[in-house]
There are 2 protein chains.
Amino acid sequence: MNVRTLCLGILAFEEASGYEIKKAVEDGMFSHFIEASYGSIYPALTQMLADGLVSVREQVQEGKPLKKAYSITEAGRKALKNSLHELPQQDKFKSEFLFQALFRDQVDPKHLEAVFNEQMDYLCGELATIEECRQSVEPGSGHAFVNGYGHAVVSAAIQYMEESRSSLGLPQKPISSDAAE
Amino acid sequence: MNVRTLCLGILAFEEASGYEIKKAVEDGMFSHFIEASYGSIYPALTQMLADGLVSVREQVQEGKPLKKAYSITEAGRKALKNSLHELPQQDKFKSEFLFQALFRDQVDPKHLEAVFNEQMDYLCGELATIEECRQSVEPGSGHAFVNGYGHAVVSAAIQYMEESRSSLGLPQKPISSDAAE
DNA sequence: ATTGTTATATATCAGTCCGATACATCACTT
DNA sequence: AAGTGATGTATCGGACTGATATATAACAAT
């Protein structure tokens with residue numbers, strides 16, 4: 001699946017600009033299972049416009065830059081439906097954190113601790129985003145399933161991390177900066 | 001982090017060929033949190049050889065093609081250690097399965113079921129790989145932590161998938177081909 | 001016998017995508 | 001008056017993927 005299909009999928013829910021698509025995959029509804037950069041989103045929109053899969057509406061906004069609001073066309077919906085019936089590629093998961101954790105005996109304990117805490121912050125942030133979205137999702141929908149999947153997985157990761165603190169030789173949960181001692 | 005560092009990391013554990021590195025990230029110890037293709041592994045090894053980070057030993061094998069066994073050098077270990085002290089990038093997770101699940105009302109139920117079952121197979125395969133590796137890992141090591149992380153996350157995914165069968169309108173667990181009805 | 005498949009192994013390349021950067025406008029703070 | 005941050009479009013070098021080519025040998029099937 002390429003970025004074009006990804007954009008079509010987001011536009012199938014609502015009209016959006018390139019900037020908004022980027023936000024959706026960075027922080028929004030789609031953030032925990034999709035990635036895409038400006039360098040692929042903008043060319044994808046341009047190309048799909050040429051192919052008639054999307055249409056633009058240039059919005060002149062007060063106090064903000066020009067915004068190109070893209071909408072999916074009928075041809076676009078058809079193309080999306082086709083893509084949805086292809087066999088999906090395998091999930092891809094890359095974690096540099098886990099890679100570093102593999103060599104924990106070769107890194108400075110201070111670094112390990114910093115990296116560990118950053119990972120916890122990241123995971124908790126993901127969980128917060130997922131829980132935010134959970135409210136605006138109707139039960140039984142595809143959104144609900146995907147949201148629940150993310151919640152299950154990220155929760156499990158957080159719990160495992162928490163349980164592993166001692167076995168990694170790290171100090172317990174640093175709730176406030178001067179609780180230890 | 002680039003593929004060069006990734007290869008160095010694997011070579012820090014044991015001498016390996018490009019083919020074996022690919023296997024390690026595809027099926028082995030590293031498979032659930034690392035990705036790399038031949039198209040990046042072989043150039044990485046060639047370049048690192050030129051830079052003196054690895055050395056080769058050409059093995060003439062009986063009944064098999066020539067094998068170039070790469071080993072990490074002292075300079076390579078130093079370079080790896082440096083890389084390990086950089087801040088890791090955020091985890092990346094992409095799931096086309098979840099993307100398709102998002103549009104479950106727009107896809108053929110047969111397709112949804114097939115895709116769902118394939119995802120289950122994939123996840124169970126991952127779990128099996130992780131459990132295989134678990135045996136050959138010494139407790140308390142970085143390997144053990146990473147292995148446990150994978151186990152926690154994949155187990156959670158499988159459990160959630162299992163619980164969601166009915167809410168997606170799918171038939172129950174197809175253990176054998178003619179158990180239903 | 002010979003065709004096909006699977007496993008081992010190296011290597012390349014078109015196309016895709018990321019990460020960084022540039023540019024521009026406005027709100028808000030310092 | 002300067003700096004920061006959010007909104008917004010756009011491009012590009014370089015990294016990486018996915019597919020393909022090449023080669024050898026074991027093994028199964030026809």
Side-chain angles (χ1 to χ4, degrees), chain A residues 1-8 10 15-28 30-31 34-51 54 56-70 83 86-94 96 99, chain B residues 1-8 10 15-28 31 34-50 54 56-70 83 86-94 96 99:
Chain A
M1 196 195 67
N2 51 32
V3 176
R4 286 193 304 286
T5 306
L6 192 161
C7 290
L8 279 183
I10 293 176
E15 180 185 83
S17 64
Y19 183 75
E20 287 167 336
I21 291 175
K22 173 66 173 158
K23 269 202 304 185
V25 302
E26 205 169 66
D27 294 316
F30 307 88
S31 60
I34 276 181
E35 317 262 345
S37 67
Y38 287 128
S40 55
I41 292 171
Y42 282 112
L45 290 171
T46 304
Q47 197 193 318
M48 290 197 296
L49 187 62
D51 294 346
V54 299
V56 222
R57 190 168 59 83
E58 302 211 349
Q59 272 179 312
V60 184
Q61 302 173 112
E62 289 174 37
K64 281 179 190 175
L66 173 85
K67 178 173 160 180
K68 294 187 184 174
Y70 290 88
S83 299
E86 284 169 22
L87 284 179
Q89 271 187 260
Q90 251 188 222
D91 289 357
K92 278 175 202 172
F93 178 60
K94 276 195 197 190
E96 293 195 8
F99 182 78
Chain B
M1 197 194 66
N2 51 34
V3 176
R4 284 193 305 286
T5 305
L6 192 160
C7 291
L8 279 183
I10 293 175
E15 180 184 84
S17 65
Y19 183 76
E20 287 166 335
I21 290 175
K22 173 68 172 156
K23 266 201 308 184
V25 302
E26 204 169 69
D27 293 318
S31 61
I34 275 182
E35 316 263 345
S37 65
Y38 288 128
S40 55
I41 291 170
Y42 281 112
L45 290 172
T46 303
Q47 198 192 318
M48 290 197 296
L49 187 61
V54 299
V56 223
R57 190 167 61 84
E58 302 212 348
Q59 274 179 312
V60 184
Q61 302 173 112
E62 287 173 41
K64 282 180 188 174
L66 174 83
K67 178 173 161 181
K68 295 185 184 177
Y70 289 89
S83 299
E86 284 169 22
L87 283 180
Q89 272 187 258
Q90 250 187 224
D91 289 357
K92 279 176 202 168
F93 178 61
K94 277 195 197 189
E96 292 194 11
F99 182 79

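Lettering of chains follows the sequences in order, A, B, ..., and the numbering in each one begins at 1.
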- Going by an N to O cut-off under 4.0 Å, is there a salt bridge joining A/E96 and B/K92? no
Every protein N/O lying under 3.5 Å from an N/O of nucleotides 18-22 of chain C:
residue, atom, partner, partner atom, Å
C/dC18, OP2, A/S37, N, 3.1
C/dC18, OP2, A/S37, OG, 3.1
C/dC18, OP2, A/S40, OG, 2.8
C/dG19, OP1, B/Q89, NE2, 2.9
C/dG19, OP1, B/K92, NZ, 2.7

- Message: Among residues 16-25 of chain B, which ones have heavy-atom contacts with DNA chain C below 4.0 Å?
- Response: B/S17, B/G18, B/Y19, B/K23
- Does OP1 or OP2 of D/dT9 have a side-chain N or O of A/Y42 closer than 4.0 Å? yes
[X]: partners by side-chain contact (heavy atoms from CB on, under 4.5 Å), with sequence neighbours left out:
{"X": "B/S40", "value": "B/V3, B/A36, B/S37"}
{"X": "B/S17", "value": "B/Y19, B/E20, B/K67"}
{"X": "A/Q47", "value": "A/R4, A/D51"}

Can you name the residues that form a salt bridge (charged side-chain N to carboxylate O under 4.0 Å, His left out) with [X], not counting sequence neighbours?
{"X": "B/K68", "value": "none"}
{"X": "B/K22", "value": "B/E26"}
{"X": "B/E86", "value": "none"}

What integer distance in Å separates [X]:[atom1] from [N]:[atom2]?
{"X": "A/L66", "N": "C/dC26", "atom1": "CG", "atom2": "P", "value": "12 Å"}
{"X": "A/D27", "N": "D/dA6", "atom1": "CG", "atom2": "P", "value": "10 Å"}
{"X": "A/L49", "N": "D/dA10", "atom1": "CG", "atom2": "P", "value": "10 Å"}
{"X": "A/Y70", "N": "D/dG8", "atom1": "OH", "atom2": "C1'", "value": "11 Å"}
{"X": "B/E26", "N": "D/dT17", "atom1": "CD", "atom2": "P", "value": "12 Å"}

- Item | Heavy-atom closest contact (B/C7 atom, B/I41 atom, distance) | SG-CG2, 4.2 Å
Residue list, ring pair (Phe, Tyr, Trp, His ring centres under 6.0 Å) with [X], at least two apart or on another chain:
{"X": "A/F99", "answer": "A/F103"}
{"X": "A/F93", "answer": "none"}
{"X": "A/Y42", "answer": "A/Y38"}

- State, to the nearest 10°, the angle formed by the axis through the first five base pairs of the helix from C/dA1-D/dT30 to C/dT30-D/dA1 and the axis through its last five. 20°
- Candidates D/dT11, D/dC16, C/dT12 - which lies nearest the side chain of B/P43: C/dT12
